[in-house]
Amino acid sequence: MKKLCAVLAGLVLFCSAVCGLNGWMNHRIRKNKEAVRNARTYERFWSTQAQRLAMDENTLIIFGSSELVPLEDYQTNVSNFLNGADMNVMTVGAGSFQSLSHTMTLGALAGDIKSGKVALFLSPQWFSETGITQEAFPSRFGEDALLEFLANPNISQDNKAYVLERTLDLLSNSPAQYARVKRYQQSLEQNFGINDIYTRIMSGFWNIRGEFQVYRQLNTMNADLPYYDLSALDFSDILELAEEQGEKQCTNNDFGVYDEYWTTYVQETYNEGEVIDKQQVFTSSPEYKDLRCFLSVANEVGLEVILVSIPVNEKWYTYRGMLCDTYYENIRSIASEYDNVSLVDMTEYAGEKYFFKDVMHLGWKGWTRINEALYHEFTGK
């Protein structure tokens, strides 16, 4: 009897300590929510609780990939000026984040997105013949987000089953992760049993672990972003500034690629000469189904999607024999299938110098034009 009482007492103390730690972390993250929101760290991307605490009614979540990395520093980069009283931004994504992982986060956070809107930046490179690979996906997969996604009662069983099957396929070479997700799948199918208990325990574990990882970073997060009266911004002036910034960075080529990138990654290929036989690229990919799943989930949970179709650096891609007209039309067609989707089609700027900073990532004028479109779409002004 004494042993049982000691075990119960220990369990009570442990639960009290966990609850106390959780409460303290919630308090600290709320107090520093602007810094957390502005921080572009993997730990924050993987913590649904930290992201939930960092949002407010004026937050637009932007889902994307490597184009979300800043061009320069926070004080001068045009990719960071959407920070004001009527709108702020929280990005989710870096290299190799694509539609599938974003679908999980979307479903996990849906009930806490007070603005009712999210943005998804589509990169054509996502739509390769393989889509997201088994090598890239495991390091971009967050179990916290998956478990909260699965717990959302507003998401259909069909979409949950699709996400689980895709996830398991992409984790085929990652046995530990695969085994856990397989048990989550069995829990969803059986409703109650040992796997259901396991899933509930793991959900609590990943939630607290993710929040703790962000909590540990608080002292290194900087909230010192410029604060603007967004309604008074003159986007034509900002576009001129963007052109000036681009001209200073791109001096050794005619493709609008910044000097260091050109010398390191592009010039050798350029010297091989233009590819004469042109072909359409990004026309067939499993990523198309992943995108449709993202849009379907958004519709089920009552969220509007600002779908940003980012083109390629047309001059460079054409030089290398790659055309994207069919891909662009595919995205337009998919967007038209969903009433909750507003398409921001940037393909008309594919040939604009300084829209990109290299052969694929947004540059000075690209960020300016997209930020203007996002502001108008989000605020309706």
Side-chain angles (χ1 to χ4, degrees), residues 45-46 48 51-52 61-65 92-93 96-113 115-122 126-127 130-132 134 136-138 140-172 177-178 180-192 195-196 199-200 202-203 206-207 285-308 330-331 333-343:
F45 301 154
W46 289 319
T48 55
Q51 294 182 121
R52 185 176 292 116
I61 300 178
I62 299 177
F63 295 102
S65 53
V92 178
S96 296
F97 279 79
Q98 295 184 200
S99 300
L100 183 63
S101 58
H102 289 324
T103 300
M104 299 176 199
T105 304
L106 175 77
L109 295 176
D112 301 282
I113 301 174
S115 67
K117 297 180 181 181
V118 299
L120 176 63
F121 283 18
L122 287 184
W126 293 5
F127 295 81
T130 60
I132 183 70
Q134 292 180 342
F137 180 75
R140 299 297 183 264
F141 163 59
E143 291 183 49
D144 181 22
L146 173 63
L147 288 165
E148 291 204 30
F149 168 88
L150 295 175
N152 189 327
N154 296 315
I155 298 173
S156 67
Q157 291 298 107
D158 285 346
N159 278 329
K160 290 177 181 178
Y162 175 83
V163 167
L164 281 166
E165 286 297 336
R166 276 286 284 153
T167 300
L168 287 168
D169 178 61
L170 291 167
L171 293 176
S172 296
Q177 289 175 302
Y178 181 95
R180 291 195 297 269
V181 174
K182 191 64 181 177
R183 295 189 71 172
Y184 305 154
Q185 183 187 50
Q186 292 167 348
S187 171
L188 185 69
E189 294 170 348
Q190 296 169 356
N191 294 322
F192 188 77
N195 287 316
D196 184 60
T199 297
R200 291 173 185 273
M202 293 304 292
S203 180
W206 288 114
N207 187 273
S285 174
E287 187 68 28
Y288 284 108
K289 286 187 178 180
D290 292 349
L291 171 60
R292 280 193 164 92
C293 184
F294 180 97
L295 300 178
S296 175
V297 168
N299 189 50
E300 290 176 342
V301 298
L303 292 174
E304 296 179 35
V305 179
I306 304 169
L307 188 65
V308 182
N330 288 346
I331 297 305
S333 178
I334 291 172
S336 70
E337 297 172 11
Y338 298 86
D339 293 335
N340 62 317
V341 174
S342 299
L343 179 63

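Quantities reported herein were computed from a predicted structural model and do not represent experimental measurements.
Two residues are said to be in side-chain contact when any heavy atoms from C-beta on lie closer than 4.5 Å; Lys182 and Leu164 fail this criterion. Arg140 places none of its side-chain heavy atoms less than 4.5 Å from the side chain of Leu100. When side chains are defined from C-beta on, Leu122 does not count as touching Phe63, because their heavy atoms never get closer than 4.5 Å. In this structure the side chain of Ser342 never reaches within 4.5 angstrom of the side chain of Lys117, judged on heavy atoms. Proximity of Glu337 to Ser333: side-chain heavy atoms (C-beta onward) are separated by under 4.5 Å at one or more points.
To the nearest 0.5 Å, atom CD1 of residue Ile113 and atom CZ of residue Arg52 are 10.0 Å apart. Note: Ser172 OG to Tyr178 OH = 6.0 Å, rounded to the nearest 0.5 Å. Here OG of Ser296 is found 8.5 Å from CG of Asn340. Values are rounded to the nearest 0.5 Å. With rounding to the nearest 0.5 angstrom, the OG1 atom of Thr105 is 9.5 Å from the CD atom of Glu148. Rounded to the nearest 0.5 Å, atoms CG (Leu343) and OG (Ser336) are 9.0 Å apart. Rounded to the nearest 0.5 angstrom, Asn330 CG and Phe127 CZ are separated by 9.0 Å.
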- Please lay out, stage by stage, how Leu307 and Ile334 fare under the test side chain to side chain contact (heavy atoms under 4.5 Å, CB included). CA-CA 10 Å; Leu307 188 65; Ile334 291 172; 5.7 Å; no

- Going through the checks in order, is the side chain to side chain donor-acceptor pair (under 3.5 Å) test met by Asn299 and Tyr338? CA-CA 8 Å; Asn299 189 50; Tyr338 298 86; over 6 Å; no

- Would you please test Arg180 and Trp206 for side chain to side chain contact (heavy atoms under 4.5 Å, CB included) and show each step? CA-CA 12 Å; Arg180 291 195 297 269; Trp206 288 114; 3.8 Å; yes

- Can Asn159 and Glu300 be said to form a side chain to side chain donor-acceptor pair (under 3.5 Å), step by step? CA-CA 10 Å; Asn159 278 329; Glu300 290 176 342; 3.0 Å; yes

- Message: Does Ser99 form a side chain to side chain donor-acceptor pair (under 3.5 Å) with Glu287? I'd like the steps, not just the answer.
- Response: CA-CA 7 Å; Ser99 300; Glu287 187 68 28; 2.6 Å; yes

- Task: Show your working on side chain to side chain contact (heavy atoms under 4.5 Å, CB included) between Leu171 and Phe141 and close with a plain yes or no.
- Result: CA-CA 9 Å; Leu171 293 176; Phe141 163 59; 3.9 Å; yes

- Decide yes or no on side chain to side chain contact (heavy atoms under 4.5 Å, CB included) for Thr103 and Tyr162, but give the supporting numbers first. CA-CA 11 Å; Thr103 300; Tyr162 175 83; over 6 Å; no

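Residues Thr199 and Ser187 share a closest heavy-atom pair of OG1-CB, 3.3 Å. Leu146 and Met104 get closest at one heavy-atom pair: CB-SD, 3.9 Å. Of all heavy-atom pairs spanning Gly107 and Ile155, the tightest one is CA-CD1, 3.7 Å. For the residue pair Thr48 and Leu109, the shortest heavy atom distance occurs at O-CD2, 3.4 Å. Nearest heavy atom pair, residue Ala298 against residue Val305, reads CB-CG2, 3.5 Å. What you find for Val297 and Leu106 is that their closest heavy atoms are CG1-CD2, 4.0 Å.
Remark: Tyr184 engages no residue in a ring pair (Phe, Tyr, Trp, His ring centres under 6.0 Å) (not counting sequence neighbours).
Between Asp112 and Gln51, the side chains place no donor N or O within less than 3.5 Å of an acceptor N or O (distance only, hydrogens not considered).
Side chain of Lys160 to backbone of Leu150: a donor-acceptor contact under 3.5 angstrom is found. Although no hydrogens or angles enter the test, the distance criterion places a donor-acceptor pair under 3.5 Å between the side chain of Thr167 and the main chain of Val163.
Taking the six-membered ring for Trp and thresholds of 30 and 60 degrees, His102 and Trp126 have ring planes inclined between 30 and 60 degrees apart.
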